[in-house]
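Below: the structure, in structure tokens.
Because only heavy atoms are used, hydrogens play no part in the values below, and waters and symmetry mates are left out as well, while side chains stay in. In this chain, residues are counted from 1 in sequence order.
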Amino acid sequence: MKHILLAVALCLAVISCQSKAPQGSADIGQKAPDFTLKDLKGNDVSLSSFKNKVVLLEFWATWCPPCRESIPELVALNRKYIDKDALILAVSVDDGRNVADKLTDFVSEHGITYRVLISDGGADRLYNVTGIPMMFLLNRQHVIVKKYTGYSPGMFDELSGQIDKLL
């Protein structure tokens with residue numbers, strides 16, 4: 001019985017991290033679609049404003065267990081590249097009332113040091129986000145060089161190695 005309950009819980013967790021139907025096309029080798037979203041302070045942030053920077057673009061949500069698990073590794077990546085030409089942009093697909101306030105509290109509680117943006121639904125459609133977490137690694141010209149769906153512990157080493165190659 002425990003095995004059945006565990007299997008059901010796992011399936012629900014996977015289903016709960018699914019996103020809306022895909023509409024965009026962001027594939028490896030293509031130029032990353034530009035977008036402008038609000039940060040937690042209400043400022044407009046465009047992907048194109050980070051020219052000549054390597055960008056790790058993550059789509060995530062506070063309610064997604066694998067997204068929460070990835071936070072410490074992303075914080076470590078941010079710490080490693082804070083003074084280099086690489087950065088993390090985390091696009092939250094959370095919605096509802098007072099999203100910015102809820103995200104600000106979440107970011108503070110979890111020690112998130114990288115930039116968090118609030119999705120308006122457009123960016124996740126542009127990137128064909130079908131589940132979260134989903135990450136896109138962009139080179140300095142913002143061409144997509146890697147795409148990661150899901151999270152597995154130890155991704156820090158993989159991501160760090162890939163970013164190092166692009167710097």
Side-chain angles (χ1 to χ4, degrees), residues 13-40 43-95 99 103 107 112-167:
V14 169
I15 290 169
S16 73
C17 291
Q18 296 299 306
S19 184
K20 299 174 184 107
Q23 293 186 7
S25 177
D27 294 319
I28 293 172
Q30 291 182 339
K31 178 85 168 161
D34 193 21
F35 57 80
T36 300
L37 297 172
K38 299 281 186 197
D39 67 12
L40 299 182
N43 300 312
D44 285 338
V45 177
S46 297
L47 176 62
S48 58
S49 65
F50 300 104
K51 291 182 184 196
N52 298 315
K53 302 252 185 211
V54 173
V55 177
L56 179 62
L57 176 63
E58 180 199 31
F59 291 87
W60 70 290
T62 59
W63 46 261
C64 169
C67 300
R68 287 174 171 244
E69 287 179 46
S70 72
I71 291 170
E73 290 195 43
L74 292 175
V75 168
L77 273 175
N78 189 60
R79 187 176 325 117
K80 179 176 179 179
Y81 296 105
I82 195 86
D83 294 326
K84 298 182 179 156
D85 285 338
L87 65 114
I88 298 169
L89 291 177
V91 178
S92 169
V93 298
D94 287 276
D95 58 6
V99 160
L103 282 169
V107 163
I112 295 174
T113 55
Y114 44 89
R115 196 123 187 219
V116 175
L117 308 176
I118 303 168
S119 176
D120 61 3
D124 19 323
R125 284 189 297 276
L126 283 173
Y127 282 82
N128 194 21
V129 176
T130 56
I132 53 174
M134 184 173 280
M135 294 179 235
F136 296 84
L137 184 58
L138 316 178
N139 68 14
R140 289 177 184 268
Q141 294 76 39
H142 292 177
V143 172
I144 300 168
V145 296
K146 285 281 189 179
K147 179 179 173 181
Y148 300 90
T149 303
Y151 167 75
S152 59
M155 281 183 75
F156 173 87
D157 292 333
E158 162 75 16
L159 290 167
S160 182
Q162 292 296 325
I163 293 169
D164 285 343
K165 287 179 188 176
L166 297 173
L167 287 175

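Between the side chain of D39 and the main chain of L117, no donor-acceptor pair closer than 3.5 Å is present. One N or O on the side chain of E73 and one on the backbone of G154 form a donor-acceptor pair closer than 3.5 Å. For S119 (side chain) and G121 (main-chain N/O), a donor-acceptor pair under 3.5 Å exists by modelled atom type. Judged purely by atom type and a 3.5 angstrom limit, R68 has no side-chain atom pairing as donor or acceptor with the backbone of C64. Proximity of a side-chain donor or acceptor of Y114 to a complementary backbone N or O of R79 within less than 3.5 Å is not detected. Between the side chain of Q30 and the main chain of D27, a donor-acceptor pair closer than 3.5 Å is present.
The side chain to side chain contact (heavy atoms under 4.5 Å, CB included) check on T62 picks up W60, D94, L103, F106, with sequence neighbours excluded.
Atom CG in L37 sits 12.5 Å away from atom CG in N43 (nearest 0.5 Å). The distance from the CG atom of D34 to the OG atom of S49 is 8.0 Å, given to the nearest 0.5 Å. Interatomic distance, CD1 of I88 versus CG of L74, reported as 5.0 Å (0.5 Å rounding). Atom CE of M155 is separated from atom CG of L77 by 9.5 Å, given to the nearest 0.5 angstrom. Taken from CD1 in I118 to CG in D95, the straight-line distance is 11.5 Å, to the nearest 0.5 Å.
You'll find the side chain of K147 reaches within 4.5 Å of the side chain of M134, heavy atoms only. Within the 4.5 Å cutoff, the side chain of L89 has no heavy atoms near those of the L56 side chain. Under the 4.5 Å side-chain criterion, counting only non-hydrogen atoms from C-beta, R115 is not in contact with L87. By the 4.5 Å heavy-atom criterion applied to side chains, I132 and C67 are counted as neighbours.
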query = Under the side chain to side chain contact (heavy atoms under 4.5 Å, CB included) criterion, do Y81 and S160 qualify, and how do the steps go?
reply = CA-CA 9 Å; Y81 296 105; S160 182; 3.1 Å; yes
request  = Verify side chain to side chain contact (heavy atoms under 4.5 Å, CB included) between F35 and L57, making sure each step is shown before the conclusion.
outcome  = CA-CA 12 Å; F35 57 80; L57 176 63; 3.9 Å; yes
inquiry  = Could you walk me through whether E58 and S70 satisfy the side chain to side chain contact (heavy atoms under 4.5 Å, CB included) test, starting with their C-alpha distance in whole Å, then the side-chain angles of each, then the deciding distance to 0.1 Å, before giving a yes or no?
reply    = CA-CA 10 Å; E58 180 199 31; S70 72; 3.5 Å; yes
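Nearest heavy atoms, L167 versus A86: CD2-CB, 4.1 Å.
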Result block: side-chain N/O donor-acceptor pairs under 3.5 angstrom for residues 135-145, not counting sequence neighbours:
unit_1: N139; atom_1: OD1; unit_2: Q141; atom_2: N; d: 2.9
unit_1: N139; atom_1: OD1; unit_2: H142; atom_2: N; d: 3.0
unit_1: N139; atom_1: OD1; unit_2: V143; atom_2: N; d: 2.9
unit_1: R140; atom_1: NH1; unit_2: N52; atom_2: O; d: 2.9
unit_1: R140; atom_1: NH1; unit_2: D85; atom_2: OD2; d: 3.2
unit_1: H142; atom_1: NE2; unit_2: F50; atom_2: O; d: 3.0
unit_1: H142; atom_1: NE2; unit_2: K53; atom_2: O; d: 3.3

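Salt-bridge formation is detected for the pair K80/D164: a Lys NZ or Arg NE/NH1/NH2 atom is positioned less than 4.0 Å from an Asp or Glu carboxylate oxygen.
Screening Y127, Y148, Y151 for a ring pair (Phe, Tyr, Trp, His ring centres under 6.0 Å) with F59, the sole residue that qualifies is Y127.
Under the 3.5 Å distance criterion, with hydrogens and angles disregarded, no donor-acceptor pair is assigned to the side chains of T36 and D44.
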